[in-house]
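The structure appears below as structure tokens.
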Amino acid sequence: MTEDFYRIKRLPPYVIAEVNAMRAAARAAGEDIIDLGMGNPDLPPPDHVIEKLCEVARKPDAHGYSQSKGIPGLRRAQAGYYGRRFGVDVDPESEVVVTMGSKEGLANLAQAITAPGDVVLAPNPSYPIHTFGFIIAGASIRSVPTTPDERYFQALERAVKFTVPQPKVLVMGYPSNPTAEVVDLAFYERVVAFAKEHGLWVLSDLAYSEIYFDDCPTPSILQVPGAKDVAIEFTSMSKTYSMAGWRMGFAVGNKTLIAALSRVKSYLDYGAFTPIQAAACAAINGPQDIVEKNRQLYKHRRDVLVESFGRAGWEIPPPRASMFAWAPLPPALAHLGSLEFSKQLLTHAGVAVAPGVGYGEDGEGYVRIAMVENEQRIRQAARNVKKYLQSMGVNTPAKTG
């Protein structure tokens with residue numbers, strides 16, 4: 001029985017898996033499900049990236065073990081990206097490690113720096129690895145709000161004042177998954193000052209660095225002078241270049257944390273397949289028109305989602321960044337809770353969304369909607385949602401686009 005294993009017993013039920021199982025069963029039965037649940041990009045990577053993958057894969061010497069911390073050229077490419085995008089100088093040898101997606105990097109760093117009983121401050125709601133990675137490593141989680149307002153810093157103050165033992169790590173991720181909330185550089189300046197004052201390591205998840213709207217580029221915590229004294233930041237190529245299945249990400253920042261992550265990885269893996277790393281170099285160093293194209297496409301989908309669902313009777317706040325909308329349940333159906341609402345939406349509207357409670361108890365009352373279907377499918381989802389809302393006695397506008 002898996003329940004007999006120590007780390008398995010520490011894991012709560014994965015709520016989102018219930019909806020995923022229902023979605024899979026419905027599709028197996030031949031139903032047309034519009035999947036707005038999983039943040040899985042539906043767009044292809046750039047052609048030149050795929051061509052580089054094929055070119056290098058044809059080389060006889062490209063199929064052996066690679067380097068667990070990443071090939072030097074890829075680490076230099078990521079250092080170059082930080083210089084161009086954020087104006088941050090990064091040493092590719094001691095301040096960059098290549099990860100198999102940001103998720104793997106976060107989980108392995110948790111193993112590297114966490115002892116059983118350590119306290120970690122993590123947002124609620126948040127992407128599951130932000131908490132589960134540390135729970136698996138034996139840590140205890142103290143939740144702080146995700147919304148980056150004054151209450152966030154008040155929660156941090158209470159946590160360091162009243163928590164025993166003292167917290168050692170602060171995890172954050174902006175643009176947020178799932179809430180799509182964003183922060184400015186002043187926010188990071190306060191976080192860095194707080195971390196230095198209280199001896200905290202800061203782990204920043206910047207997976208959605210390039211999916212921002214309204215001409216408001218997302219900042220990096222490493223732009224704060226002295227941030228590398230306490231902080232490490234994770235980025236991913238999954239969304240920026242539509243390379244989710246390639247499992248390619250990075251950790252950049254504090255040398256001590258980079259060294260710890262690199263050492264743990266050296267025991268666990270030999271790095272990503274070398275042709276994939278070479279193709280990742282081509283993506284970062286090559287033409288960047290795909291980045292702007294994807295950004296504009298997600299912005300258009302956001303606008304279509306907000307407009308069409310609003311006309312269907314479900315008001316959704318427009319996200320300022322990321323590929324997600326964080327939608328409060330329609331008020332007339334809030335009593336269902338996010339999990340039951342998500343199940344009903346799948347069953348009666350053929351639309352899959354992610355229940356907010358799956359991202360933490362403070363996610364209750366919301367669902368996460370991923371903008372991973374084209375405009376026509378999003379509008380079809382809105383029509384399906386309107387019929388469902390009407391069947392539940394919810395007043396809706398006369399016409400849906």
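Note that this is a predicted model, so its numbers are computed, not measured. Worth knowing before you read on, the calculation uses all heavy atoms, side chains too, and leaves out hydrogens, waters and symmetry mates.
- Annotation: Arg84, atom CZ; neighbour count of heavy atoms from other residues, nucleotides and ligands within 6.0 Å is above 12.
- A perpendicular orientation is assigned to the rings of His130 and Tyr127, their planes being inclined by more than 60° (bins at 30° and 60°).
- Side-chain atoms of Glu373 do not come within 3.5 Å of backbone N or O of Ile34 as any donor-acceptor pair.
- In this structure, Phe250 has its ring center at least 6.0 angstrom away from the ring center of Tyr82.
- Between the side chain of Glu340 and the backbone N or O of Gly337 there is no donor-acceptor pair closer than 3.5 Å.
- Between Ile232 and Ala251, the shortest heavy-atom distance links the atoms CD1-CB, 3.9 Å.
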Checking Met172 against Leu203 for the side-chain contact (heavy atoms from CB on, under 4.5 Å) test, could you report, in this order, the C-alpha distance in whole Å, the side-chain angles of both residues, the deciding distance, and whether it holds? CA-CA 6 Å; Met172 61 177 55; Leu203 279 55; over 6 Å; no

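- If you take CD1 on Ile113 and CG on Leu261, they are separated by 9.5 Å, rounding to the nearest 0.5 Å.
- Arg190 and Asp184 are not joined by a salt bridge, as no carboxylate oxygen comes within less than 4.0 angstrom of a charged side-chain nitrogen.
- In summary, the aromatic rings of Phe324 and Tyr208 are positioned with their centroids under 6.0 Å apart.
- Note that OG of Ser94 is 10.0 Å distant from CZ of Arg75, once rounded to the nearest 0.5 Å.
- A salt bridge is defined here as a Lys NZ or Arg NE, NH1 or NH2 lying under 4.0 Å from an Asp or Glu carboxylate O, and Asp42 with Arg377 fails to meet this definition.
- Residues Val202 and Ala195 share a closest heavy-atom pair of CG2-CB, 3.5 Å.
- Counting heavy atoms of neighbouring residues, nucleotides and ligands inside a 6.0 Å radius, atom NZ of Lys69 exceeds 12 of them.
- Across all non-hydrogen atoms, the minimal contact from Pro128 to Gly358 is CG-O, 4.3 Å.
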Determine, step by step, whether Thr235 and Gln78 satisfy the side chain to side chain donor-acceptor pair (under 3.5 Å) criterion, reporting the C-alpha distance in whole Å, the side-chain angles of both residues, the deciding distance to 0.1 Å, and the verdict. CA-CA 10 Å; Thr235 58; Gln78 180 66 356; 2.9 Å; yes

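- Remark: Glu375 does not engage Arg301 in a salt bridge, criterion side-chain N to carboxylate O under 4.0 Å.
- The CZ atom of Phe132 sits 8.5 Å away from atom OG of Ser126, with the distance rounded to the nearest 0.5 Å.
- Residues Arg368 and Pro178 come closest through the heavy atom pair CD-CB, 3.6 Å.
- Asn384 places a side-chain N or O within donor-acceptor distance of the main-chain N or O of Ala349, the cut-off being under 3.5 Å.
- Looking at Lys255 and Glu93, no side-chain N of the basic residue comes within less than 4.0 Å of a carboxylate O on the acidic one, giving no salt bridge.
- Side-chain contact between Asp35 and Arg27: present, with at least one pair of heavy atoms (C-beta onward) separated by less than 4.5 Å.
- Ser238 places none of its side-chain heavy atoms less than 4.5 Å from the side chain of Met243.
- Under the salt bridge (Lys or Arg N to Asp or Glu O under 4.0 Å) criterion, Glu315 pairs with no residue at all, not counting sequence neighbours.
- Classification of Glu181 and Arg320 as a salt-bridged pair fails, no side-chain N sitting under 4.0 Å from a carboxylate O.
- With hydrogens and angles disregarded, a donor-acceptor distance shorter than 3.5 Å links the side chain of Asn254 to the backbone of Asp229.
- Ion pairing between a basic and an acidic side chain is recognised when a charged N comes within 4.0 Å of a carboxylate O; Lys161 and Glu157 show no such pairing.
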Test Leu222 against Val224 for side-chain contact (heavy atoms from CB on, under 4.5 Å), laying out the working first. CA-CA 5 Å; Leu222 300 183; Val224 177; over 6 Å; no

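- Between Gln288 and Tyr241, the side chains place a donor N or O and an acceptor N or O closer than 3.5 Å (distance only, hydrogens not considered).
- Between Arg295 and Ile211, every side-chain heavy-atom pair lies at or beyond the 4.5 Å cut-off.
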Side chains of residues 116-123: which donor-acceptor pairs under 3.5 Å do they make with residues two or more places apart or in other chains?
{"residue": "Asp118", "atom": "OD1", "partner": "Lys168", "partner atom": "NZ", "Å": "3.3"}
{"residue": "Asp118", "atom": "OD2", "partner": "Ala115", "partner atom": "N", "Å": "2.9"}

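- One N or O on the side chain of Trp314 and one on the backbone of Pro328 form a donor-acceptor pair closer than 3.5 Å.
- Without hydrogens or angle criteria, Gln277 side chain to Ala272 main chain gives a donor-acceptor distance under 3.5 Å.
- Two residues are said to be in side-chain contact when any heavy atoms from C-beta on lie closer than 4.5 Å; Leu333 and Val394 meet this criterion.
- Taking the charged nitrogens against the carboxylate oxygens, Glu210 and Arg85 do have a contact shorter than 4.0 Å, which makes a salt bridge.
- Looking only at side-chain heavy atoms (C-beta outward), Thr147 and Thr179 stay at 4.5 Å or farther from each other.
- With no hydrogens or angles considered, no side-chain donor-acceptor pair links Arg379 and Ser308 at under 3.5 Å.
- Between Ile221 and Phe86 there is no side-chain heavy-atom pair separated by less than 4.5 Å.
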Walk me through whether Gln111 and Ile136 qualify under side-chain contact (heavy atoms from CB on, under 4.5 Å). CA-CA 8 Å; Gln111 295 288 341; Ile136 292 171; 3.6 Å; yes

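- Looking only at side-chain heavy atoms (C-beta outward), Val171 and Phe134 come within less than 4.5 Å of each other.
- Using a cut-off of 4.0 Å between Lys/Arg side-chain N and Asp/Glu carboxylate O, Arg151 and Asp149 are scored as salt-bridged.
- In terms of heavy-atom proximity, Asn40 sits nearest to Ala244 at OD1-CB, 4.1 Å.
- Atom CE in Met323 sits 3.5 Å away from atom OH in Tyr298 (nearest 0.5 Å).
- Of all heavy-atom pairs spanning Ser242 and Leu43, the tightest one is CB-O, 3.2 Å.
- Salt bridge present: Asp269 and Lys265 bring a charged side-chain N and a carboxylate O closer than 4.0 Å.
- From Gln67, atom CD reaches atom CG of Leu74 across 10.5 Å, with rounding to the nearest 0.5 Å.
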For the pair Val351 and Leu36, evaluate side-chain contact (heavy atoms from CB on, under 4.5 Å) and give the outcome as yes or no after the intermediate values. CA-CA 7 Å; Val351 176; Leu36 306 179; 4.1 Å; yes

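- Of the possible polar contacts, one joining the Thr146 side chain to the Pro125 backbone as a donor-acceptor pair under 3.5 Å is found.
- Between Glu292 and Gln296, the side chains place a donor N or O and an acceptor N or O closer than 3.5 Å (distance only, hydrogens not considered).
- Arg10 contributes a side-chain N or O that, together with a main-chain N or O of Ile135, makes up a donor-acceptor pair within less than 3.5 Å.
- Distance NE2/His300 to CZ/Phe213: 12.0 Å, rounded to 0.5 Å.
- Within 6.0 Å of atom CE in Met22, more than 12 heavy atoms from other residues, nucleotides or ligands are found, so the atom counts as buried in its surroundings.
- Side chain of Thr163 to backbone of Pro165: no donor-acceptor contact under 3.5 angstrom is found.
- Taking the side chain as every heavy atom from C-beta outward, Trp246 and Val49 approach each other to under 4.5 Å.
- In terms of modelled atom types and a separation under 3.5 Å, the side chain of Arg7 and the main chain of Ala137 share no donor-acceptor contact.
- The aromatic rings of Tyr359 and Trp326 sit perpendicular, their planes meeting at an angle over 60°, well past the 30° parallel limit.
- Between Tyr188 and Tyr174, the distance from one ring center to the other does not fall under 6.0 angstrom.
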